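The sequence lines fix the lettering, A, B, ..., with proteins before strands; numbering per chain opens at 1. These figures come from a predicted structure and were not determined experimentally. All heavy atoms count here, side chains included; hydrogens, waters and symmetry mates do not.
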Amino acid sequence: MNTVLDEAARIKYQDPGTVRTILSNTKTIAMVGLSPKSERPSHFVATYLQYEGYRVIPVNPMAKEVLGEKSYPDLLSVPDKIDMVNVFRHPDECPEIAQQAVEIGAKTLWLQLRVVSLEAARIAEEAGLNVIMDRCVKIEHGRYNGSLHWVGMNTEIITARRGRRYF
Amino acid sequence: MNGQTHMAQEKRKFGFETRMLHAGHIPDPVTGARAVPIYQTTSYVFEDTDKAAQLFELKQYGNIYTRINNPTTATFEERIASLENATGAVATASGMAAQMTTMMTLLEPGDEIVSSAHLYGGTVTQFTHTFRKLGITVHFVDPTHIDDWAAAITPKTRALYGETIGNPRGSILDIEALADLAHAHKMPLIVDSTFATPYLCRPIDWGADLVVHSATKFLGGHGNSIAGVVLDSGKFDFSTFSTIADPDPAYHGLKFYETFGHYGFLMKARAVTLRDTGAALSPFNAFLLIQGLETLSLRMERHVQNAQAVAQFLSQHPKVDWVAYAGLPDNEYHALAQKYTPKGPGAIFTFGIKASNPRAAGKEFIESLHLFSHLANVGDARSLVIHPASTTHQQLSDEELAAGGVDAGMIRLSIGLETLEDLLWDLDQALLSTSA
Ligand SMILES: Cc1ncc(COP(=O)(O)O)c(C=O)c1O
């Protein structure tokens, strides 16, 4: 598994069971730093998640609308109930985003691949949120629904049980 | 989902043999088929128009067309990736295609690579002549001297390349030292690990960034399919490596490394290079390779056990001049072999016949063999033999042969899985029947 976290942090913030539970229980995702530009990584992830049935709400003060959803300047302005806050911003901004995630009652704080902030994690954890760090939602979803396998990637899933590529 | 058992399995690091049998394949949810089905199809019906568009933009991972990916091939890819401790793999139509796919993805005209000179002859030809047409220059160095590698690096060098177990003298590549050298110059180390297989050595564990194989050999293992594979450790930082990092005009300015991170190189190798060069593996051959992988450890164990015994037997034979096998204690690569291939340095090696006319003796020897198949391949379950001076190199004089590191009496063996005593018997009777 590709990560910059140490063993202890991996166990805490990348637990496969927690990842699967989050992916199956989440319905609405606020994506902080979602770009309106179609070639940006965040746009790839949002397009994917939207097609897979999640509602993706953009949080980006520079955008009006992304993928048909109105964009908000910050988490506190989002009127809808948010299950997961997914962060595509610099680690320095994460503690404040975590604070807002707590305030709006989100259940999960998910920091993307290479977005690492132990301070943000602490804030969210203390308020009882699930925290995932240095992982990509699209990759993790693809790992368990099988699509990552179709492009030859090592999902690290080993099982002899029938048809288990689901959450 | 069954949360408890899943969480238990996801924390476990399964062993090599378990992954040989299970990685990359989950029994089909519809039919329950236990063996990996052969998806003999060119193309795949799209779920809807949105999904189709997203697949072409690479916003979804999925099946489009078998030149790009195929479910049977994907099982082979994920399985070998798991065995090599790689982040993923791209299968190709041959080992040569795996090398070509790797280089076409990484390099541009004007770029250079520094390579070990101890390579499969076909690779030397590809690197020298075909690459020259693409504007790529390869500098060959003696792999044993790290200083020679360092001296050959220029500002245009983009990668280092070598074989775990090199041709023709069975040299062992100092992967760890070369990985350090490559990384100090911000370039990847690429290793052809065909002769080792992941059972004997995993170059990624020693710092190699990319690994290629001719799966034609031990991975398939039965001499029935031509195939190759490219693997990526996922650890190399391609963020300043222009061919992987820069916007791709063929994908609306998509930046492969920024978008796919540790999958960036492989996504580009598949979605650009494989798509455009067309050297895709057939699903039927992928199925045969999967069958091969399921017994890899058992076969390799016996291959190296037989090879060690044959090498020892030959080294004491009155008709044998020399044996080049790193498993022998007096071999110059023995120490490196103990470090990188502790289970045994493969099953392919060369030896020289003692004779007044070695070229004629080599021919006599080949013609007297009963069990060894005389052909141009290695890594079959059966034992194989070739005498370069009377086949691949027959047009060269003895002096020209010597310059190429091949001597006139040199024989190459690929030791198979037959009864050891039968192999020794066959070699002994053939050696004793040489009169030249
Ligand atoms: C070490 C090595 N690399 C690459 C190749 C090329 O592989 P293929 O014949 O599958 O194209 C071979 C084939 O002999 C080989 O021995």
Side-chain angles (χ1 to χ4, degrees), chain A residues 1-4 10-11 14-21 23-24 35 37-52 67 88 112-114 134-136 138-139 141-167, chain B residues 1-3 5-7 9-12 14 18-19 21-24 26-30 32 34 50-51 54 57-63 68-69 71 73-78 81-82 85-91 234-235 247 251-255 258-263 266-267 270-271:
Chain A
M1 282 233 191
N2 193 290
T3 179
V4 294
R10 275 205 297 275
I11 290 169
Q14 301 180 344
D15 177 65
T18 310
V19 166
R20 292 168 80 120
T21 309
L23 289 171
S24 65
S35 169
K37 294 194 192 125
S38 135
E39 77 282 3
R40 302 293 303 154
S42 59
H43 203 94
F44 269 62
V45 174
T47 307
Y48 175 93
L49 293 174
Q50 209 177 44
Y51 184 85
E52 293 300 327
L67 293 165
F88 279 81
Q112 278 296 114
L113 216 52
R114 302 298 178 265
D134 196 22
R135 297 277 85 172
C136 170
K138 180 186 173 195
I139 290 176
H141 189 278
R143 184 190 309 281
Y144 297 113
N145 87 342
S147 63
L148 195 60
H149 164 79
W150 301 135
V151 288
M153 299 310 175
N154 186 0
T155 63
E156 300 179 41
I157 297 171
I158 305 285
T159 179
R161 299 166 69 114
R162 181 167 170 161
R164 290 270 150 183
R165 247 179 232 283
Y166 302 96
F167 305 114
Chain B
M1 95 173 182
N2 182 340
T5 54
H6 271 292
M7 281 183 222
Q9 78 90 3
E10 276 161 347
K11 289 204 174 74
R12 186 171 175 84
F14 288 101
T18 302
R19 288 178 287 125
L21 292 154
H22 292 282
I26 295 176
D28 177 44
V30 178
R34 179 57 273 194
D50 280 349
K51 175 95 176 236
Q54 289 170 17
E57 288 180 301
L58 303 181
K59 287 188 169 166
Q60 290 276 349
Y61 310 111
N63 298 309
I68 300 166
N69 58 349
T73 305
T75 292
F76 168 65
E77 290 168 331
E78 185 173 348
S82 172
N85 289 339
T87 203
V90 174
K235 293 184 188 129
Y251 279 103
H252 310 295
L254 165 65
K255 296 177 182 167
E258 187 188 52
T259 304
F260 297 111
H262 53 284
Y263 299 138
L266 288 171
M267 288 299 286
R270 182 183 301 281

Legend entry - Heavy-atom closest pair, residues B:Pro27 and A:Ala160: CG-O, 3.6 Å

Legend entry - From A:Ile158 atom CD1 to B:His22 atom NE2, the distance as rounded to the nearest 0.5 Å: 8.0 Å

Inset, instruction - Examine distances only and state if a side-chain atom of A:Asn154 and a backbone atom of B:Gly88 form a donor-acceptor pair shorter than 3.5 Å. - result: no

Legend entry - Heavy atoms of other groups near A:Lys37 NZ, more than 12 under 6.0 Å: no

Inset, instruction - Examine distances only and state if a side-chain atom of B:Glu78 and a backbone atom of A:Thr155 form a donor-acceptor pair shorter than 3.5 Å. - result: yes

Inset, instruction - Pick whichever of B:Thr18, B:Leu58, B:Asn85, B:Leu21 has the most heavy-atom pairs under 4.5 Å with chain A. - result: B:Leu58

Legend entry - Row check, A:Tyr48 ring normal vs B:Lys59 NZ/CZ: under 6.0 Å, within 45°: no

Legend entry - Backbone N/O of B:Gly261 and side chain of A:Arg114: donor-acceptor pair under 3.5 Å: no

Inset, instruction - Cation-pi check, A:Lys138 to B:Tyr61: give yes when NZ or CZ is under 6.0 Å from the six-membered ring centre and within 45° of the ring axis, no otherwise. - result: yes

Inset, instruction - Return yes if some donor-acceptor pair links the side-chain N/O of A:Asn2 with the main-chain N/O of B:His262 below 3.5 Å, else return no. - result: no

Inset, instruction - Let me know if A:Ser38 has heavy atoms under 4.5 Å from chain B in its side chain, its backbone, both or neither. - result: both

Legend entry - Per-residue contact mode, A:Leu113 against chain B (heavy atom under 4.5 angstrom): side chain

Legend entry - Proximal component of B:Glu258, with respect to chain A [non-hydrogen, under 4.5 Å]: both

Legend entry - Test item: B:Tyr263 and A:Ile139 side chains (from C-beta on) under 4.5 Å apart, heavy atoms: yes

Legend entry - Largest heavy-atom contact set with chain A, pairs under 4.5 Å, which of B:Gln54, B:His252, B:Glu77, B:Arg19: B:Gln54

Legend entry - Which atom of B:Pro71 lies closest to which atom of A:Trp150, heavy atoms considered: CB-CZ3, 3.7 Å

Inset, instruction - Nearest 0.5 Å please: distance from the OG1 atom of B:Thr259 over to the CZ atom of A:Arg40. - result: 7.5 Å

Inset, instruction - Under 4.5 Å, counting heavy-atom pairs only, tell me which of B:Thr75, B:Val90, B:Asp50 racks up the most with chain A. - result: B:Thr75

Inset, instruction - Could you tell me which portion of B:Ala86 (side chain, backbone, both or neither) has an atom closer than 4.5 angstrom to a non-hydrogen atom of chain A? - result: backbone

Legend entry - Gap between atom CE of A:Met153 and atom OG1 of B:Thr87 - 0.5 Å precision: 7.0 Å

